[in-house]
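Structure first, commentary second.
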Amino acid sequence: MKRAIFLALAIAVAGLGSGALAADMKSGAIVVSDIWARASVTPAMKTGAAFAVLANQGAEMDRLVAAESPVAERVELHTHAMDGGVMRMRHVEAIEVHPGTPTVLQPGGLHVMFIGLRAPLKEGSTIPLTLVFEKAGRIDVTTDVLAPGAMGKGPQTPMPGMGHGMGHKPAG
Ligand SMILES: [Cu+2]
């Protein structure tokens, strides 16, 4: 009984930790950062998208070949392409990640597409997502859900340190 409660607590704390810290997630040579999704505008919206920065610290090109999440019936890799003067989404088999040049998944470009959302994506929540790379394998990432019109997390979202480590003292 006690043990079960302790375990539940440990899981709750671990969950909080991963959501609050949102640290970069790494497997092999691949580092995933700035991962986020857009909140659903209405519950009727059955699709959604997630974005991230994929960096390759190795010497060989790797490829994102799949994405998985329990939030949707299907998860696909998409890009945007001009089609007769209209910007349309297109399914892609894989997304290349070259050494030295991060691949950026962002609105209007490459993205992870959720098709058949089981529930609306709520702003402020997090959703589990697994990115599958050809060489680096599977990387589980915690995806922050931002506002419906969000364009990204910004270049860096450092921990709010509240002046800690600044070390400056008032003069005199
Ligand atoms: Cu799409």
Side-chain angles (χ1 to χ4, degrees), residues 14-41 45-82 87-160:
L16 274 177
S18 61
L21 295 174
D24 293 356
M25 283 145 283
K26 191 173 189 295
S27 173
I30 298 293
V31 180
V32 180
S33 62
D34 291 313
I35 180 138
W36 62 284
R38 266 186 180 165
S40 308
V41 181
M45 214 168 124
K46 291 297 178 207
T47 58
F51 312 96
V53 176
L54 313 176
N56 185 342
Q57 298 179 336
E60 288 173 46
M61 193 262 282
D62 202 348
R63 304 194 316 155
L64 175 64
V65 291
E68 299 165 7
S69 177
V71 303
E73 283 160 24
R74 219 161 75 235
V75 185
E76 293 184 352
L77 305 176
H78 279 193
T79 190
H80 279 87
M82 290 301 276
M87 197 65 128
R88 287 186 203 282
M89 291 196 294
R90 196 163 54 82
H91 175 247
V92 291
E93 288 303 319
I95 293 172
E96 294 185 355
V97 186
H98 294 267
T101 313
T103 297
V104 182
L105 279 60
Q106 58 193 345
L110 294 162
H111 55 279
V112 172
M113 190 85 195
F114 301 121
I115 297 164
L117 284 175
R118 297 201 160 95
L121 301 180
K122 268 174 62 184
E123 185 178 349
S125 69
T126 59
I127 56 175
L129 180 65
T130 302
L131 300 177
V132 186
F133 293 86
E134 214 165 53
K135 295 193 179 82
R138 303 167 65 86
I139 305 180
D140 293 324
V141 295
T142 303
T143 307
D144 296 318
V145 180
L146 307 187
M151 288 304 289
K153 282 184 156 182
Q156 280 296 319
T157 41
M159 296 294 291

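When reading the values below, keep in mind they use all heavy atoms of this one structure, side chains included, and skip hydrogens, waters and symmetry mates.
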Review point. What residues form a side chain to side chain contact (heavy atoms under 4.5 Å, CB included) with M151, not counting sequence neighbours?
Key: R38, P107

Exercise for review: Take L117 and V71 through the test side chain to side chain contact (heavy atoms under 4.5 Å, CB included) and record every step on the way to the result.
Suggested key: CA-CA 6 Å; L117 284 175; V71 303; 4.2 Å; yes

Exercise for review: Can you measure from CG (L105) to OG1 (T103) and round to the nearest 0.5 angstrom?
Suggested key: 7.5 Å

Point to revise | Distance, nearest 0.5 Å, that separates CZ of F114 from CG of L121 | key: 6.5 Å

Review point. Counting only heavy atoms not in K26, do more than 12 sit closer than 6.0 Å to its NZ atom?
Key: yes

Practice item. List the atom of P128, the atom of S69, and the distance in Å for their closest heavy-atom pair. Key: O-OG, 2.7 Å

**Study point:** From CD1 (I35) to OG1 (T143), nearest 0.5 Å
**Key:** 4.0 Å

Check your understanding: Given the rule in the side chain to side chain contact (heavy atoms under 4.5 Å, CB included) test, do H80 and R88 qualify, once you have shown the distances and angles that lead to the verdict?
Key -> CA-CA 5 Å; H80 279 87; R88 287 186 203 282; over 6 Å; no

Check your understanding: In Å and rounded to the nearest 0.5 Å, what is the CG to CD1 distance from L54 to I30?
Key -> 7.0 Å

Review point. What's the shortest heavy-atom distance between M25 and D140, and which atoms?
Key: SD-O, 3.5 Å

Point to revise | Nearest heavy-atom neighbours spanning T130 and R138 | key: CG2-NH2, 3.6 Å

Study note, to complete from the structure: Quick note, ring pair (Phe, Tyr, Trp, His ring centres under 6.0 Å) partners involving residues 116-149, not counting sequence neighbours, are none

Review point. Is there a side-chain contact between V75 and V112 (heavy atoms, below 4.5 Å)?
Key: yes

Check your understanding: Can you check whether I115's main-chain N or O pairs, donor with acceptor, with T47's side chain at less than 3.5 Å?
Key -> no

Considering only distance and modelled atom types, tabulate donor-acceptor pairs under 3.5 Å from the side chains of residues 90-98, sequence neighbours left out.
| from | atom 1 | to | atom 2 | distance (Å) |
| --- | --- | --- | --- | --- |
| E96 | OE1 | H98 | NE2 | 2.8 |

Point to revise | Distance-only polar pair, side chains of D144 and T126, donor-acceptor under 3.5 Å | key: no

Check your understanding: If you take all heavy atoms of G58 and A29, which pair is closest and at what distance?
Key -> N-CB, 3.3 Å

Review point. So, D62 side chain and K135 main chain: donor-acceptor pair closer than 3.5 Å or not?
Key: yes

Practice item. Return the set of residues passing side chain to side chain contact (heavy atoms under 4.5 Å, CB included) with E123 (not counting sequence neighbours), or none when no residue passes. Key: A39, A147, P148

Study note, to complete from the structure: By salt bridge (charged side-chain N to carboxylate O under 4.0 Å, His left out), R118 pairs with (sequence neighbours left out) none

Review point. Looking only at heavy atoms, which two atoms of V53 and P102 are closest? And how far apart?
Key: CG1-CB, 3.8 Å

**Study point:** Atom pair CD/CZ of E134 and R63 - distance to nearest 0.5 Å
**Key:** 4.5 Å

Point to revise | Set of residues satisfying ring-ring contact (aromatic ring centres under 6.0 Å, His included) with respect to F51, sequence neighbours excluded | key: W36

Check your understanding: How long is the span from the CE atom in M113 to the CZ atom in R74, to the nearest 0.5 Å?
Key -> 10.0 Å

Study note, to complete from the structure: Taking every heavy atom of L129 against every heavy atom of A50, the minimum-distance pair comes out as CD2-CB, 4.2 Å

